[in-house]
Amino acid sequence: MTIDDIDRVTVLGAGSMGHGITEVVALAGYQVTMRDIEQELVDDGYDDIEWSLEKLAEKGLIDQAPADVMDRIDTAVDLETATEDADLVIEAAPEQMEIKKDIFGQLDEYTPEGAILASNTSSLSITEIATATDRPEQVCGMHFFNPPVKMELVEVIYGDETTDDTAETAYEFVESIDKTPIYVRKDVNGFVVNSVLGPFGDEAAWMASEGVASVEEIDAAMVHQRGYPMGPFELSDMTGIDIGYHVRKEAGKPIPPIVEEKVEAEELGQKTGKGYYDYEDGEGTTYEAGQGEDVDWLRIESRIVNEAAKLIGNDVATAEAIDTGLRLGAGFPEGPCRRADKIGLDTVLEKLDDLHEEYGEERYDAADYLRELVEAGNTGEDAGAGFFDYGDSAERDYTTINHSLNDDGLLEIELDRQARMNALNADMMDEIVHLLENVDVDEVRAVTFEGAGDRAFCAGADITGFAGIEPHEVEVTPVFQTVNDFPRPTLAKIDGYCLGGGNELALACDLRIATEDSEFGFPEINLGLIPGGGGTQRAMRMLTEARAKELVFRGHRIDGELAEEWGLINRAVDDDELEETVEEYVSDLVSGPPIALRKAKKVMNEGRDQDISAGLELESQAFGLLLSTDDMMEGASAFMEDREPEFEGK
Ligand code: NAD
């Protein structure tokens, strides 16, 4: 079964996950059947989808009519009718092995021979579920996160017998529904995200149990110093303290006393009104910025990194997959492998060894792979390599951007920090600069920038980490200038939020094309700041003074249509015209004469900041030089011969 063979999808279960998965799959254009064991449950799930689609449409997050999406969804109670034509089944029934095995046994009987059978289980063994069928090679895990409509990540999990063909088709299917897949190449407990996330709560609980820091101090440190979206105790209160308790019990792992106490007292978190914090009589979380300055966060992060290293060493996942997983599946501000490379793997290893010496517990056993990296001198970014390669070669691994260079010379750069709406952080800025400085310019004819996902081009600069910077440490960030000066035309393709630093990046490009409902603005003033990446200056030169000042002073957003009227962008187009319009522009740029385009960009950029006579001087020098190029000869001949020119940049 290849991705092209998948037309009909069946989702089993209309509960929290089942209805969400059905919605996502139907949104992507597939025909879906959603099945539950009773009509009432199916109907509830169906209503939930309808409600959710209406919300998405109201917020302008989808460009299809909810009714059209609903038309692609059938419901069923009978398992055979629900699955007899299915090319792919995604099971999202209750988390009990007997139920799953029972379902997979029946699926084996009813579904067409080639159909792929996937389970959305969070914690059960795919290998064991697959034993209920005679086609374990066609069974895999497809682990969505809650809620599926919002969460970008899906883990594609191999059971022991799963073939590459099956996993690859499942992976491509996930991409086809606009989600981001990562491979989990072995059927390990917790898969990737929950395995690596485990120590976040576990080590925090040991620390609080020992009394080295309080619940509030630890939460404050992890959120305000380390940038996690929630503190470990806050997270545990949200998911339920009993969940982590049972996971440890089943895995035969020791339970931190503080967890034991909470479970005994039946204070399980938000669902019981009380957990580490009081949600009933109290105000919920009570930690504040500034608390927990002395918390030894490295204890927690070292264990997270260690878990990641175990997975890599055991060929379960790559560092890149782990980082993507934790960013998109757990909202980590950056991937744990990337972060470890910054901290220094030797520092991480030393911490684990110290803890091991002090406590003698298995949880501090350092992964072989971590030790091997350190022994080989690959201790992270400063050493040029760690989990990732930081050599100055073009081979360097990027963790916040994706890029590809096609045969026509179009370099496409995708900003990819979806969990943070592609906000610029230090890594992203550094990686863009590194890419533009190391790419072979002769191979490139034009560059486009766009944002991953469907919400944002780039929603700003990630301000986690700004607090506490001394004024003298603030530098002019080179990324905007590097983009501005890149000797090829650059184009920002904008769909969604284009704010703050994202807006500055777009303004540093030569051309900007956006969807009409994209939103542009400089919200910095609302934070008591001003744009710091050239925004004030570029806006003044690009817009009328009144409009530039309005954007910067008021901090309001304007939509794509108004941005076009103001001259902030070249074109505002309908959602479904964006691709086509960008292609038309790009095709002119990549087929245009490279030297003339480079000169045009240079004299226009430099001349803008000078008086007209100096600008004219620049222009005439460039003009003179172009007269002697092969491209100019080619352009003239093509014109005479009435054909398309083929410029070679000579
Ligand atoms: P849920 O209880 O909300 O929904 C399960 C649904 O499956 C119920 O409506 C139930 O009636 C139905 N069901 C029972 N037997 C069935 C059968 N034989 N065929 C079809 N449907 C059947 O549970 P959920 O939270 O949606 O979880 C479903 C699966 O997704 C579980 O394996 C769970 O581990 C996994 N999961 C859950 C989450 C989460 O946060 N809720 C996240 C990721 C994965």
Side-chain angles (χ1 to χ4, degrees), residues 9-25 32-49 52 73-84 86 89-111 117-126 128-130 132-133 139-157 159 174 179 181-182 184 187 189-195 197 235-236 238-240 242-244 246-247 250 269-271 325 328-331:
V9 180
T10 297
V11 178
L12 300 180
S16 316
M17 296 303 289
H19 89 267
I21 296 170
T22 304
E23 180 176 347
V24 169
V25 175
V32 204
T33 302
M34 178 172 71
R35 185 258 174 177
D36 208 305
I37 46 176
E38 281 173 29
Q39 190 59 44
E40 206 186 323
L41 295 168
V42 176
D43 291 344
D44 286 350
Y46 195 79
D47 291 346
D48 288 343
I49 298 177
S52 161
I73 302 174
D74 291 323
T75 58
V77 173
D78 181 59
L79 184 62
E80 182 168 0
T81 25
T83 57
E84 64 191 358
V89 178
I90 306 169
E91 168 275 317
E95 189 75 332
Q96 288 171 37
M97 188 51 91
E98 314 86 84
I99 299 185
K100 308 265 187 205
K101 278 190 168 171
D102 183 42
I103 293 175
F104 276 73
Q106 294 182 62
L107 288 179
D108 200 21
E109 206 174 304
Y110 300 144
T111 56
L117 311 179
S119 173
N120 181 49
T121 179
S122 310
S123 60
L124 301 174
S125 155
I126 302 299
E128 191 176 342
I129 294 173
T133 72
V139 176
C140 66
M142 206 185 263
H143 183 215
F144 288 77
F145 288 70
N146 193 13
V149 176
K150 267 208 185 140
M151 300 292 286
E152 286 295 326
L153 187 75
V154 179
E155 292 180 308
V156 173
I157 305 132
V174 172
K179 297 284 167 192
I182 57 167
V184 182
D187 191 8
N189 197 280
F191 311 137
V192 164
V193 173
N194 287 331
S195 299
L197 184 59
L235 177 64
S236 182
M238 202 183 80
T239 47
D242 53 324
I243 308 279
H246 290 300
V247 170
E250 268 168 43
Q270 288 183 13
K271 62 184 172 189
L328 299 184

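We number each residue from 1, following the sequence as shown. Atoms within each ligand, like the ligands themselves, are counted from 1 in listed order.
- Remark: the backbone N or O of Leu107 is paired with a side-chain donor or acceptor of Thr111 at under 3.5 angstrom.
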List, for ligand 1, each N/O atom that has a protein N/O partner under 3.5 Å away, with both atom names and the distance.
unit_1, atom_1, unit_2, atom_2, d
ligand 1, 3 (O), Ser16, N, 3.0
ligand 1, 3 (O), Ser16, OG, 3.2
ligand 1, 9 (O), Asp36, OD2, 2.6
ligand 1, 11 (O), Asp36, OD1, 2.7
ligand 1, 18 (N), Arg35, NH1, 3.4
ligand 1, 19 (N), Arg35, NH1, 2.6
ligand 1, 21 (N), Gly13, N, 3.4
ligand 1, 26 (O), Ser16, N, 3.3
ligand 1, 26 (O), Met17, N, 2.8
ligand 1, 30 (O), Asn120, ND2, 2.9
ligand 1, 32 (O), Ala93, O, 3.3
ligand 1, 32 (O), Glu95, OE1, 2.6
ligand 1, 32 (O), Lys100, NZ, 2.6
ligand 1, 34 (O), Glu95, OE1, 2.9
ligand 1, 34 (O), Glu95, OE2, 3.3
ligand 1, 34 (O), Ser122, OG, 3.3
ligand 1, 36 (N), Ser122, OG, 3.3
ligand 1, 40 (O), Asn146, ND2, 3.2

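- Across all non-hydrogen atoms, the minimal contact from Met17 to Phe144 is CE-O, 3.5 Å.
- The only member of Val89, Ile99, Val139, Leu12 that meets side chain to side chain contact (heavy atoms under 4.5 Å, CB included) when paired with Phe104 is Val139.
- Checked by atom type and distance alone, the side chain of Asp187 pairs as donor or acceptor with a backbone atom of Ile126 at under 3.5 Å.
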Which pairs would a plain distance check flag for residues 37-45, meaning a side-chain donor or acceptor within less than 3.5 Å of a matching protein atom at least two apart in sequence or in another chain?
unit_1, atom_1, unit_2, atom_2, d
Gln39, NE2, Asp43, OD1, 2.9

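- Using a 4.5 Å cut-off on side-chain heavy atoms (C-beta onward), Val174 and Val156 make contact.
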